[in-house]
Amino acid sequence: MDDGKSVLQLESPRFNHARIDSFRAFLLPLLLFAGGLVLVLTGCDGKKPSGDQPLTFPFRHEFRTSTVSFNGIVQASQSLEISLKEGAYGKVKWLKPEGGLVASGDVLAIIDMLSQEEQARQSEQELRHAEENLRSFDAQTPIVVQRLLDTKRDKKSQLATKQMDERLLREGKLSDERWRLETDHNKGMIEQQLAEKVLGFQRKVTERGFDAPLVLRQSEIEAQSKGIQVEYARRLVERLGIPPQAEEISRAELQVQQASGEVWLGQTALQNASPTRLMQKKNLEFLREQQRSWLRSLNQQLEQKEIRSTAAGLLVYPSIYGSKITLGSEIWEDMVFLKVVGTGSVLVDAAVDESASALMRPGQVAQVVIENLRDRVFSGRVIFVGKVGRRSFSRTRSDIKKFPVSVGVDVGSAPVLLGQKAIVQVVTASGTGVFLPRETMPSGTSSPALILENLWGNKTLVASMETFDADFVRWLDPPASAGVVLFQR
């Protein structure tokens with residue numbers, strides 16, 4: 001401000017009568033001279049001027065500031081609400097006294113969390129067990145795969161054997177097999193003949209009493225067994241020329257199919273081993289990560305055993321269900337049991353008329369006087385101007401809307417009391433130029449015509465204007481830096 005006065009002491013008078021009187025006193029001799037000259041030139045008919053003289057406004061090039069004043073309530077600009085997070089709960093073990101100033105990082109409370117500590121210990125054990133299972137699973141994977149490979153190899157060998165049996169059944173015995181069977185038959189016949197000779201000799205010996213009848217019986221049994229062997233060998237040789245029966249071929253085919261199915265199962269098990277083991281490993285990894293997540297959540301809860309302030313301010317115990325927190329009280333997640341109210345800056349909340357709020361923008365400079373510190377003027381800035389108005393209600397309903405406005409005020413270390421009333425004055429516009437009251441222009445015209453007063457009579461000219469505030473406009477193309485204009489009715 002050019003005159004160095006506080007914005008709260010500025011006034012915006014509609015008319016400056018002192019200046020008008022001084023200007024008129026200066027112009028009075030000139031006006032009398034001009035009037036006499038006009039009478040001489042035009043003649044005097046002796047009529048008195050009729051009607052009231054129009055009001056005038058002397059203008060000049062100047063610096064002007066426009067302000068808006070309103071009342072508000074002092075509130076805390078920031079309030080840190082303290083509560084437990086991440087599902088934590090416990091009992092209050094220690095509290096910092098209420099009403100004291102705290103700095104950022106100060107310990108405000110200590111919470112007893114015995115249950116979470118026990119759960120954390122159990123979770124650590126389960127996590128170690130899950131990690132051990134995963135390591136053991138990784139170590140067993142090569143063994144399982146090798147076992148499946150061996151099983152597949154055995155199944156293939158069995159399939160090859162069954163296929164060979166079927167082929168031999170269809171094609172008959174091989175030559176060496178035929179030779180073996182015929183040789184066994186011939187050998188059996190020779191052994192049978194020998195056994196019969198031995199039996200005949202033994203009968204003679206027994207009849208003469210040189211040997212016991214038991215020895216004779218043994219020789220008879222030996223001869224009979226040789227005959228049975230010869231008969232079996234003979235039948236095998238006879239079967240060499242007999243084709244296989246249908247049921248034998250069906251049995252051999254079935255055995256081949258069963259062996260082939262076993263090989264397919266072994267191959268499938270080997271192919272599925274990798275994804276199966278991978279799924280089992282993923283399941284074990286999921287269980288491990290689940291234990292890690294649970295343990296991480298418990299550790300986050302246990303980190304809140306010691307509550308520290310993240311901002312400086314005044315410590316307040318809020319009311320919880322009609323009472324304040326005390327030692328031993330149970331607290332849980334999102335339950336606000338402490339508040340740190342900022343003291344370095346405050347917020348003035350107000351509801352102003354639409355005509356005033358329309359002139360304000362965030363960032364405009366303001367000066368504030370607080371009720372309990374009337375001798376000090378604090379600087380501030382507009383930080384919020386509401387765009388949605390609300391009707392003000394009292395005993396009689398009013399259609400006048402009030403718009404919310406918030407002003408941030410830096411109070412430093414001043415003992416400002418929250419809830420006090422405050423007077424706010426906001427600088428809405430400032431600048432240099434020629435400023436005229438809106439009443440000097442006719443209403444309802446986009447290009448107003450001003451009536452300019454001079455020594456040779458009133459002169460009408462079209463002026464270019466721009467809005468300065470609710471009461472004044474800025475004359476963009478004045479003919480001179482000073483002069484007098486007439487108010488128009």
Side-chain angles (χ1 to χ4, degrees), residues 76-142 144 273-344:
S77 61
Q78 60 179 0
S79 177
L80 176 63
E81 295 183 344
I82 298 176
S83 62
L84 297 180
K85 305 297 181 184
E86 305 296 336
Y89 61 91
K91 292 184 178 180
V92 178
K93 187 176 181 180
W94 177 83
L95 279 173
K96 191 175 183 65
E98 183 182 16
L101 293 176
V102 297
S104 178
D106 286 354
V107 179
L108 304 181
I110 297 178
I111 312 301
D112 191 353
M113 297 183 179
L114 296 178
S115 176
Q116 289 92 326
E117 292 175 353
E118 180 63 26
Q119 293 177 11
R121 285 191 291 269
Q122 295 179 359
S123 182
E124 288 177 354
Q125 295 178 359
E126 293 176 356
L127 177 59
R128 288 194 296 269
H129 182 66
E131 291 176 344
E132 182 62 29
N133 288 341
L134 187 58
R135 287 193 295 269
S136 177
F137 181 85
D138 290 337
Q140 292 177 359
T141 296
V144 173
S274 179
T276 301
R277 298 291 292 184
L278 182 60
M279 291 175 60
Q280 294 174 349
K281 183 176 180 180
K282 290 296 184 182
N283 186 35
L284 293 176
E285 289 178 346
F286 171 76
L287 295 177
R288 181 190 63 182
E289 293 303 322
Q290 188 179 38
Q291 293 299 328
R292 284 181 175 176
S293 176
W294 177 237
L295 181 60
R296 185 164 51 250
S297 176
L298 289 173
N299 289 333
Q300 289 176 352
Q301 295 180 23
L302 292 174
E303 288 175 356
Q304 303 177 65
K305 289 175 57 178
E306 191 175 81
I307 304 296
R308 293 181 177 271
S309 176
T310 58
L314 184 69
L315 181 62
V316 177
Y317 293 177
S319 177
I320 304 174
Y321 302 117
S323 61
K324 295 185 177 182
I325 200 74
T326 57
L327 296 181
S329 298
E330 294 185 356
I331 55 176
W332 50 87
E333 182 183 13
D334 294 333
M335 175 181 175
V336 179
F337 63 97
L338 292 177
K339 283 186 179 181
V340 177
V341 179
T343 56

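What's counted below: heavy atoms across the whole structure, side chains too, no hydrogens, waters or symmetry copies.
When atom types are taken as modelled, the side chain of Glu98 and the backbone of Tyr317 share a donor-acceptor pair closer than 3.5 angstrom. For Glu330 (side chain) and Tyr89 (main-chain N/O), no donor-acceptor pair under 3.5 Å exists by modelled atom type. Between the side chain of Gln304 and the backbone N or O of Lys85, at least one donor-acceptor pair lies under 3.5 Å.
For Glu285, the CD atom sits in a packed shell: over 12 heavy atoms of surrounding residues, nucleotides or ligands are nearer than 6.0 Å. The neighbour count for Lys93 NZ, taken as heavy atoms of other residues, nucleotides or ligands under 6.0 Å away, does not exceed 12.
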### Query
What do the steps show when you test Lys281 against Asp138 for side-chain contact (heavy atoms from CB on, under 4.5 Å), and what is the final call?
CA-CA 8 Å; Lys281 183 176 180 180; Asp138 290 337; 3.4 Å; yes
### Message
side-chain contact (heavy atoms from CB on, under 4.5 Å) for Gln280 and Leu284? Distances and angles first, verdict last.
### Response
CA-CA 6 Å; Gln280 294 174 349; Leu284 293 176; 5.7 Å; no
### Query
Run the side-chain contact (heavy atoms from CB on, under 4.5 Å) check on Leu127 and Arg292 step by step: do they pass?
CA-CA 7 Å; Leu127 177 59; Arg292 284 181 175 176; 3.4 Å; yes
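When every heavy atom of Ser309 is checked against every heavy atom of Ala103, the shortest pair comes out as CB-O, 3.9 Å. Counting all heavy atoms, side chain and backbone alike, Gln119 lies closest to Trp294 at OE1-CZ2, 3.5 Å. Heavy-atom minimum distance, Lys96 versus Leu315: O-CD2, 3.4 Å. Here the shortest heavy-atom pairing between Ser123 and Leu295 reads OG-CB, 3.4 Å. Nearest heavy atoms, Ala130 versus Arg288: CB-CA, 3.9 Å. Of all heavy-atom pairs spanning Ala109 and Leu338, the tightest one is CB-CD1, 4.2 Å.
When the options Val340, Leu95, Leu80 are evaluated for a side chain to side chain contact (heavy atoms under 4.5 Å, CB included) with Leu108, the one that passes is Val340. With respect to Glu86, the side chain to side chain contact (heavy atoms under 4.5 Å, CB included) criterion is satisfied by exactly one of Gln300, Glu333, Glu303: Gln300.
Note on Asp112 versus Lys305: no salt bridge recorded, every NZ/NE/NH1/NH2 to OD/OE distance being 4.0 Å or above. Under a 4.0 Å N-O distance rule, the pair Arg128/Glu131 does not qualify as a salt bridge. At a threshold of 4.0 Å, the pair Glu124-Arg121 does not count as salt-bridged, since none of the basic side-chain nitrogens sits closer than that to a carboxylate oxygen.
Side-chain atoms of Phe337 and Ile82, non-hydrogen and from C-beta on, do get closer than 4.5 Å to each other. Counting only heavy atoms from C-beta outward, the side chains of Lys91 and Ile111 never approach each other to under 4.5 Å. At least one side-chain heavy atom of Arg277 sits under 4.5 Å from a side-chain heavy atom of Gln140.
Inspection of the Thr326 and Lys324 side chains reveals no N or O donor paired with an N or O acceptor under 3.5 Å.
In this structure, the separation between CD on Glu126 and CG on Asn133 is 11.5 Å, given to the nearest 0.5 Å.
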